[in-house]
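Data block below; observations after.
Because only heavy atoms are used, hydrogens play no part in the values below, and waters and symmetry mates are left out as well, while side chains stay in.
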Amino acid sequence: MTHDLSPTTPLEGSDGRRMLTEVVRLHSALKGAPLPLDLPGAIPLREGRAQVIDQLEDYVIPRLMSLEAPLLAVVGGSTGAGKSTLVNSLVGHRVTNPGVLRPTTKSPVLVHHPADAQWFGADRLLPELNRTSASTDDQHSIQLVATDAVPQGLAILDAPDVDSVDERNRELAGQLLAAADLWLFVTSAARYSDEVPWEYLKLAADRSTAVAVVLDRTPADAVPTVSGHLARMLAARGLKDSPLFGVAEGEVSEDGLLPAGHVREIRQWLEALAEDAGARRSVVNQTVAGAVRTVTRKAFPIADAAALQVDAVGGLLAVADKVYDDAQTGLLAASRDGSVLRGDLLARWQEFVGSGELIRSLEAKVGFVRERLVNAIKGKPQQAERLSVAVEMALEALVVEHAERAAATAADAWRETDHGGALLEATPDDLSRAGRSLRRQTTQQVREWHDELQALVREHSNDVRSTARFLALGVHGLAVTLAVVTLADDATSAPESVALGRRLLETVLGQGRVAPMTTAARSGLDGRLEALLGTERSRYLAPAEEWQLKPEAPEQLRQAARRVDDLRFAAVRAKETGGHL
């Protein structure tokens, strides 16, 4: 039986401060590398990432910030191993409630010297647990008990069973053990070969966590035999240097205490640790260094998985970009090749422009054919308004058609992969359809475009605004004519009536002004159509942005882990050579 703990790398002074800085950066890098997609192998790595983040938050960072804090010994183990009775016996009076009903311990109980109370506030240890000084069964609280029976520099925490039937108890037990400087792991002759406790002990060995094992509730004559077998099991699992204590069965008093002699060896060992600052530092250094090594070791596969996630989402976004690039190209082409001039819009346009009578009337000498001109423009304001509404509806239908097709195509492409389909399912917005606000936004954009066209007409008509030709159609009529001409700007076989519209503009405003007006109108419409499809495209970007899959995150995580490892290796070399960093 050995009661020695291995010395480890020192973390005091500037070494500790530098390590703290790099560990905080590593924590930030881990937080910045989520694994939201269910890619092959991602689930266990996602769970591992959550565990190492918790380990950093619950133990490593707080401990590096407070290396001088009391040694925290967490008493954990199997159901019925006698943990609460052991804690009461070590303290010398009842501080936690043992019993026969399972689970017994629901809310953890932390016992400390009154002078050490400052170290156990919510800002230092397990901040998500509420603090209370009263006995409680609240699994989201921790009971703090101050007593002179515990030496200054030491705190003992009674944790729930690691194999509890209550899931919250099991989670809490694991969380508390992860926050410990020292595990005081309790088992019994009947339970020492159970699988679950050994899973925790293997985890402790992997992390190089300081562990002491207590063989409790064992008949006195069986202690040597069972202890020997248990010691061989510990050695085979990498825990040969862990102290092993045997506690023989004894009568438990009404206060829930074993005879003092049964726990004297453990109490003396803990008191020796509390009194020896060097020994406490050794335990803390061992556990912190082991936890840091474990975190950096796990960081690299997490970074690799994050890179795969970034690539996977990047592939999905590239598909969506290609679909919407094609949709934008198609939309812009359709808005200028005259194909939109059909149905109600074509009918309203032909009704407005007529078969040429309006043009001939405008081209005539107004002074001699005033009556003819008046007859030609009768009803034009009403026709212009109906034509404006038809343009609005046609463009709205055109935008929605291309957006619906793009959304369906992109969604089908995403569903070809499991993670793409999962992303679609996890997004509240139905990405397989155009956005619900698209029609309203399109209507607003087309109306604003028509306002721009009216401004263009005013800008290019200063010297003709008082002519009879201009007054015959007005700003609104000329603007809607410019809209129709713009919609057939690249048409190879536009209706003859579109040519009449161009002649109408040239007749009223002059030939040299129509081309720049059409170019400006075209540019304004293109910008608005691109913005509308850009908004639709952004709906496919939103899930990735929400999950914060940043391309630079994997490499940032690798670099952060390397910096921590470099400090750790340098500390090991300094210790081996007797030097300093």
Got a salt bridge between [X] and [Y], using NZ or NE/NH1/NH2 to carboxylate O under 4.0 Å?
| X | Y | value |
| --- | --- | --- |
| R170 | D166 | no |
| R539 | D429 | yes |
| E199 | R237 | no |
| R415 | D412 | yes |

Any donor-acceptor pair under 3.5 Å linking the side chain of [X] with the backbone of [Y]?
| X | Y | result |
| --- | --- | --- |
| S538 | L541 | no |
| T287 | A210 | yes |
| R49 | A33 | yes |
| R63 | S66 | yes |
| R207 | T294 | no |
| R568 | M19 | no |

Which atom pair, heavy atoms only, marks the closest approach of [X] to [Y]?
| X | Y | answer |
| --- | --- | --- |
| V323 | A406 | CG1-O, 3.3 Å |
| L557 | A29 | CA-CB, 3.7 Å |
| G501 | T481 | O-CG2, 3.6 Å |
| V196 | V162 | CG1-O, 3.7 Å |
| Q309 | P34 | OE1-O, 4.3 Å |
| S335 | D526 | OG-OD1, 4.3 Å |

Partners passing side-chain hydrogen bond (donor to acceptor under 3.5 Å, both in side chains) against [X] (at least two apart in sequence or in another chain):
| X | value |
| --- | --- |
| R405 | E401 |
| D206 | K202 |
| D163 | T79, R191 |

Other residues, nucleotides, ligands: >12 heavy atoms within 6.0 Å of [X] [atom1]:
| X | atom1 | answer |
| --- | --- | --- |
| R439 | CZ | no |
| M393 | CE | no |
| D418 | CG | no |
| E552 | CD | yes |

Selection [range] - residue pairs positive for salt bridge (Lys or Arg N to Asp or Glu O under 4.0 Å), sequence neighbours left out:
| range | value |
| --- | --- |
| residues 37-46 | D38-R46 |
| residues 316-326 | D321-R537, K322-D326, D325-R537 |
| residues 283-305 | D304-R558 |

Which residues pass the side chain to side chain contact (heavy atoms under 4.5 Å, CB included) test with [X], not counting sequence neighbours?
| X | answer |
| --- | --- |
| T519 | none |
| E459 | L456 |
| T443 | E392, E396, R447 |
| H27 | K31, I53, L56, E57, I61 |

Does any donor atom in the side chain of [X] or [Y] lie under 3.5 Å from an acceptor atom in the other side chain?
| X | Y | result |
| --- | --- | --- |
| D138 | S141 | yes |
| R25 | Q556 | no |
| T296 | D565 | yes |

Q.
Suppose the criterion is ring pair (Phe, Tyr, Trp, His ring centres under 6.0 Å): which pairs have a residue in residues 162-182, not counting sequence neighbours?
A.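 Non-adjacent pairs meeting ring pair (Phe, Tyr, Trp, His ring centres under 6.0 Å): zero.
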
Q) Which pairs with one or both residues in residues 392-450 pass ring pair (Phe, Tyr, Trp, His ring centres under 6.0 Å), sequence neighbours excluded? A)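 Sorted pair list: W414-Y540, H450-H476.
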
Q) Given the rule in the side-chain hydrogen bond (donor to acceptor under 3.5 Å, both in side chains) test, do Q444 and E448 qualify, once you have shown the distances and angles that lead to the verdict? A) CA-CA 6 Å; Q444 179 181 344; E448 291 178 0; 3.2 Å; yes

